[in-house]
Amino acid sequence: MSQVDLVEVTKTFPGGVKAVDGVSLTVRQGEFLTLLGPSGCGKTTSLRMIAGFEQPDAGRVLIGGRDVTRVPPYERDTGMVFQSLALFPHMSVLDNVLYGLRMRGVSRTEAERRAREMLALVQLSGYEHRRPHQLSGGQRQRVAFARALAVNPSIFLLDEPFAALDAKIRDELQVELRRLQQRVGITTVFVTHNQREAMTLSDRIAVMRDGRIEQIGSPQEIYEDPATVFVAGFVGMTNLFRGHVVERAGRRVRVKTEEGFVVEAELGAGTGNGASKDSAAAGDVAPGKPVTVSVRPESVRLEPRDQDARGGSPAGVDPSGGGQGGIPVTVDLIRFVGELIEYHLYTPGGQEIIGTYQRGQRTLSMGQGGAAIVRFDPKEARVLWR
Amino acid sequence: MANAGPRPAPSRPGNGEDMGAGIGPVLERPSRRRWPDPSLALVGTTFWVVLAFIVVPLGVLAAVSVHPGRFMTFPPQGFSLRWYQTLLTSSQWLEAIRNSLVVALGSAVLATSIALVLALVLDRYPVRFGEYMRRLGMMPLFLPPVIMGVAFVAFFYEIGFSGRIENLIIAHGIFNAPFPLLLISSGLSKVNRELEESAMNLGARPATVLRTVTLPLIRADVFAGVLFAFLLSLNEYIVAFLVSGFTVVTLPIEIFSSLRYSFSPVIAAASVLFIAGTGFLVWLADRLAGGLWD
Ligand SMILES: Nc1ncnc2c1ncn2[C@@H]1O[C@H](COP(=O)(O)OP(=O)(O)O)[C@@H](O)[C@H]1O
Ligand SMILES: [Mg+2]
């Protein structure tokens with residue numbers, strides 16, 4: 001159980017791809033931290049540098065405070081679950097789990113006791129003598145967990161372990177992984193491009209983009225206070241309105257959108273606090289500055305609008321900026337998504353806005369093609385740098 | 001998502017999966033075709049003709065080998081195993097058989113070792129000029145055996161080391177290395193690199209990874225390589241003849257030189273024995289390739 005530190009780590013591959021670009025990150029002892037980002041953003045490379053399979057060009061890797069930058073993988077004491085799982089096909093389940101213990105010189109009987117204990121922990125007692133190819137996808141996954149954890153590593157590393165599984169088993173295993181991690185209390189770095197997976201599993205999430213970390217925070221912080229437009233768009237669904245600052249009073253900012261509507265939003269705690277170099281500080285938000293307002297679909301509120309008042313200034317909208325205006329829209333589509341009702345709306349300029357309501361919540365009696373006004377509580381809208 | 005589930009069968013060129021799907025229904029329901037496909041008929045005919053060309057001479061040879069008389073005669077006048085007896089008691093023939101087996105075994109092990117080291121190094125490490133080294137390893141495959149033979153003879157003569165069985169083992173070891181090299185390289189390319197990394201992650205040093213993961217995963221290819229090189233050496237005449245310098249006589253050399261001076265059915269008997277041995281090895285290779293895993 002140790003802390004992991006990446007200090008200003010950079011990795012450029014032959015051919016010039018800068019896979020990881022000046023990443024600094026601390027994974028606290030016993031924490032479950034997720035590296036989240038789109039494919040190709042450098043998650044796997046970061047993980048492989050912690051495990052020792054890649055050497056950084058610059059920067060340092062510390063495990064438990066010890067500099068391991070030049071330490072080979074077999075002396076690093078990490079337990080890794082690979083994307084392909086990489087179970088040894090020529091060994092039984094038991095021998096797979098025994099492998100690491102044998103490498104550490106644990107006696108045969110002690111190793112076997114420990115391996116069986118691990119297999120029991122992942123509910124695979126009775127499967128000891130199967131070969132990996134005789135197991136289901138979920139069972140193979142659990143063997144990989146057991147094998148990585150059997151040697152009691154100080155760090156647990158997982159690279160998109162659930163990518164190949166179907167949704168139901170994936171859900172079960174996520175719960176199981178989290179339970180296992182908490183029971184063992186091991187420091188864990190988990191890699192995924194799936195934001196839902198990251199949200200449900202993690203203590204903290206580091207959102208990555210183009211080899212850099214955009215923001216680090218708890219799932220709630222990341223969702224409610226995204227530091228950048230990229231984070232807001234990548235973690236959960238959001239509506240983005242580009243515009244310019246009209247007026248600012250403390251955290252409250254009035255923004256005129258590109259379509260000319262005036263909306264109010266607040267600076268979040270995360271605004272400008274991202275780890276990324278190009279997110280300027282929140283203090284720089286001043287009249288005339290280009291910004292983007294992010295509004296989550298569940299914060300979008302619909303009110304009826306008189307369709308005749310379409311020309312000029314739409315009803316209920318005050319372009320001068322007096323009070324809280326709104327954005328006139330037409331309802332394009334209504335979808336029922338599980339327990340949510342999803343409204344797809346269009347502004348006069350053709351921008352799509354999505355609003356969601358819980359089923360059973362009071363909604364508008366309005367069908368497709370109906371006219372409405374979109375409003376939102378400024379406290380639930382975030383001002384971000386473009 | 002869209003292409004999950006059963007797909008319609010039209011075969012799309014260039015897509016192996018779809019080609020397979022297109023062949024499936026044809027194999028399952030051949031009755032749908034009213035007329036035999038002319039190209040299939042051609043393939044069938046060719047197969048039987050080729051088989052006849054292989055089997056008939058071998059049959060003749062086997063028949064000749066049991067002829068009791070002193071000269072090869074077909075059809076045989078009677079049945080006798082005396083030539084087999086001669087073969088297995090004559091010191092000359094036994095010596096040839098022994099030499100052949102020693103050379104084949106030694107050179108097979110040598111060829112496979114060369115191939116294994118080369119394949120591992122080229123596949124696992126970023127060696128400079130690696131591609132050229134691989135081509136060098138493959139070169140014997142493209143050079144005429146006569147030239148290789150002459151080169152070996154000159155080389156062994158220069159270092160004052162000629163006419164010994166070791167020469168033949170070395171020559172065949174190098175000459176036959178391309179085949180195990182091809183087999184082992186293709187085996188290695190199918191080993192997922194993450195398996196080796198995973199072993200390392202569990203604490204195995206590189207040498208241990210090689211012993212416990214990489215080699216077990218390619219052992220079928222290594223065995224196939226040994227068998228292949230063994231067979232090739234057993235059958236090889238030209239290089240063997242040149243390098244042996246008349247002092248080391250292998251079975252093919254003995255058969256060939258006997259033919260020049262006599263026409264005894266013992267030659268046929270030797271050939272039959274030879275073919276039986278080869279056939280057994282091919283069968284063994286087949287069994288091993290299928291059964292090496294579980
Ligand atoms: N061994 C490699 N050689 C060259 N480029 C690589 C190598 N591994 C990864 N890359 C490149 O580095 C970038 C980051 O890759 P990776 O860390 O695998 O991303 P992720 O895991 O987030 O999808 C990608 O552009 C990828 O193409
Ligand atoms: Mg990856």
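Throughout, protein chains are lettered first and strands after them, A, B, ... in sequence-line order, and every chain is numbered starting at 1.
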With a strict 4.5 Å heavy-atom criterion, list every residue of residues 69-85 of chain A that contacts chain B, or say none. A:P73, A:Y74, A:E75, A:T78, A:G79, A:M80, A:F82, A:Q83, A:S84
Let me know if A:F88 has heavy atoms under 4.5 Å from chain B in its side chain, its backbone, both or neither. both
CG (B:L215) and NE2 (A:H90) are apart, to the nearest 0.5 Å, by 9.5 Å
To check you understand the geometry: which heavy-atom pair defines the closest contact between B:T212 and A:M103, and what is its length? CG2-CE, 4.5 Å
Mark yes when over 12 heavy atoms from residues, nucleotides or ligands other than A:Y127 sit less than 6.0 Å from its OH; otherwise mark no. no
Which answer fits A:R48, side chain, backbone, both or neither, if we ask what part of it has an atom under 4.5 Å from a heavy atom of chain B? side chain
Please check if atom CZ in B:F155 has more than 12 non-hydrogen atoms from other residues, nucleotides or ligands closer than 6.0 Å. no
By a 4.5 Å heavy-atom criterion (distance strictly below it), what part of A:L87 contacts chain B: side chain, backbone, both, or neither? backbone
How close do A:Y99 and B:T208 get, counting heavy atoms only, and between which atoms? OH-O, 4.3 Å
A:R147 and B:S198 have their tightest heavy-atom pair at NH2-OG, 2.6 Å
Take atom CZ in A:R104; do more than 12 heavy atoms of anything else shown fall under 6.0 Å from it? yes
Are any of the side-chain heavy atoms of A:P153 and B:N201 separated by less than 4.5 Å? no
